[in-house]
Structures are given as C-alpha cells and as structure tokens.
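Every chain is numbered from 1, with letters handed out A, B, ... down the list of sequences.
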Number of protein chains: 2
Amino acid sequence: MAKHDPALSLLFHALADPTRRSILIRLAETPARVTDLAGPTGLRLPTVMRHLSVLEAAGLITTSKDGRIRTCAIVPEALDPVRTWLDEQRAIWEARLDRLDAFVMNVMKEREE
Amino acid sequence: MAKHDPALSLLFHALADPTRRSILIRLAETPARVTDLAGPTGLRLPTVMRHLSVLEAAGLITTSKDGRIRTCAIVPEALDPVRTWLDEQRAIWEARLDRLDAFVMNVMKEREE
DNA sequence: GCGATAGTTAGCGACATGGCTAAGCATGAT
DNA sequence: ATCATGCTTAGCCATGTCGCTAACTATCGC
C-alpha cells in the first residue's frame, strides 16, 4: 500500500502520451532502431529519443547499443504493476458498489440536472 | 484501433498523479465533499478542485452540487478502457515473446554492459 | 440581515513537457 | 582518410501542470 508510488506514476505518465503508446505498439511488433521508430511518428530524432528515455525510465522498454545502432525492445512484465493496481481498484470499487452506494449514486444522478 | 485515443490519454494522465490516485482511493471508500477530500491531502481547496476537474474530465468521477456542497463519487466502469488497452497489449507482447524474440532480448542483455 | 461555511474564479510563480534546430561524436563503408 | 549514417547533446520556444493567495459568490443557521 504505497502512499505515493513513484513507479506507478512513471508508468502512467509514460502511457499518457499517444506518441509513446504508438511507439510501444510498434515495438510490440518487433524490436527496432531509433530511426525506425522516428519514421512512422514523423518526429525528429531528438524528440523520439526523449520519448524513449521516458519509456525506459518507466521500465517499459530496454535499449542497447551495438556499434552506432541503438536497438529498443519492450519489457513485457513492465505493465504488471499497472495491472495489479487496476485489479486492486476494481475489486474495491465494485465491492463498494455492491453495498448501497448505488443508491447514493442514483440520488446524485437525479439531482445532477 | 484508435491511432491516438484521447480518452485513454486523459485517463492515463489523470492516474499519473499520486494525489489524484489517493483521492480516487479515498472516494472508493465512500462519496465525499470537496473539503473532505482536501483534508487528508493537506492541499488547498482550489488545488483540490483542479485535481477533481481533471478526474472528472477523464470520466473517473462524477460530482454534483446540493446547496453549497459538492459531492464527488467514483465512476467504477471508467477504468474499463484502461483495462482493455492493457489486456490488448499484454496479449500482443506475450504472443511476440513466444516467438524467438526472447533470443534477441538475450543477445541485447549480454551486450548491454 | 449577518456571519460563518463551502465552493469558485482569477491570476501568479516555478517547473515540466513536447516539439524544434544546430552542432557534435562515433561508427561503418569506400 | 573521407564521407555518410545514426545517434547524442545543448539549448530554444510555446504550452501545460501543480501549487499557492486573494477575492468573490452562494448557501445555511441564527
């Protein structure tokens, strides 16, 4: 029960950007060089690099350099904490709903307008 | 297959902040007034209001005003898109791993340092 | 009506983010 | 040795984020 889990924040923040999500999806297909990732996005190299370092800081990808080529690959288990948090929340939220909060919700909905 | 799904971005961004996550967890317990939410965080009212509007814009909470009191409550199904996206990704990522990308990963790991 | 209570709005400051260009550095091909 | 390629670094600009204070509005209790 981390009060303010930094890893979770990094993960969510990394996933909040559409460009980064598309990079992840591209990498899910196959590992790729930085230039390969820049192509589809239409972004410049330094910009892509930044996104990559955000993804790497969040632990979502690993990169390694062979010669002058940096290869990026996905870290599949990196999503686990997100999934765990989501599961926890859903459990709590739904348990809560099973009680009569549904009633409260309804009252609020009616008053809403 | 939304190219750049704005709803998803809003959701992830809303979840990226520890304060907002703690507000959600607090609201999972029971609906609450704005002031009630401000207390535990130690933040000022306008600051909390901002967080609430981010959460509401993402569809994670609903709020309604009765007299001078605004009550906030969770929207449990709001997490569904996140969960769906996560499931999709995990499916793809793992399918990919079952092929011999594991080999590539290993090579990269060895070269990493 | 008067004062306390609950939110709201406006606006500020510090800093982060997401894009860029320009210039640098290392490696591979010739 | 030279040149092209691939990445990296430094730095700029516009915008967004997160906290605050101050001042305003709108109820509620008396």
| note | The nucleotide from dT21(D), dT8(D), dA6(C) with an atom nearest the side chain of M49(A) is dT8(D)
| request: State which of dT9(C), dG19(D), dG19(C) makes the closest approach to the side chain of P46(B). | output: dT9(C)
Rounded to whole Å, how long is the line connecting atom [atom1] of [X] with atom [atom2] of [N]?
X      : N       : atom1 : atom2 : value
I69(A) : dC25(C) : CD1   : P     : 21 Å
R33(B) : dA26(D) : CZ    : P     : 20 Å
L45(B) : dC18(D) : CG    : C1'   : 16 Å
R50(A) : dA16(C) : CZ    : P     : 11 Å
H51(A) : dT8(D)  : NE2   : P     : 15 Å
R44(B) : dC18(D) : CZ    : P     : 19 Å
R20(A) : dT17(C) : CZ    : P     : 8 Å
D17(A) : dT17(D) : CG    : P     : 12 Å

| note | When every non-hydrogen atom of L15(B) is compared with those of F12(A), the smallest separation belongs to O-CD1, 3.3 Å
| field | Heavy-atom pair with the smallest gap, counting every atom of A14(B) and L60(B) | value | CB-CD1, 3.8 Å
| field | Side-chain H-bond candidate by donor/acceptor type, T63(A) with R70(A), under 3.5 Å | value | yes
| message | Regarding R26(B) and T41(B), do their side chains bring together a donor and an acceptor under 3.5 Å, going by distance alone? | response | no
| Does dG16(D) have OP1 or OP2 sitting under 4.0 Å from an N or O in the side chain of H13(B)? | no
| Are any of T47(B)'s side-chain N or O atoms less than 4.0 Å away from OP1 or OP2 of dC20(D)? | yes
Where do N or O atoms of nucleotides 28-30 of chain C meet protein N or O atoms at under 3.5 Å, pair by pair?
{"unit_1": "dG28(C)", "atom_1": "O4'", "unit_2": "R68(A)", "atom_2": "NH2", "d": "3.1"}

| salt_bridge(D87(A), R83(B)) N-O dist < 4.0 Å | yes
| said: When you group the ILVMFWY residues by side-chain heavy-atom contacts below 4.5 Å and let the links chain together, are L45(A) and I61(A) in the same group? | reply: yes
| message | Contact between I92(A) and E29(B) at the side-chain level, heavy atoms closer than 4.5 Å - yes or no? | response | no
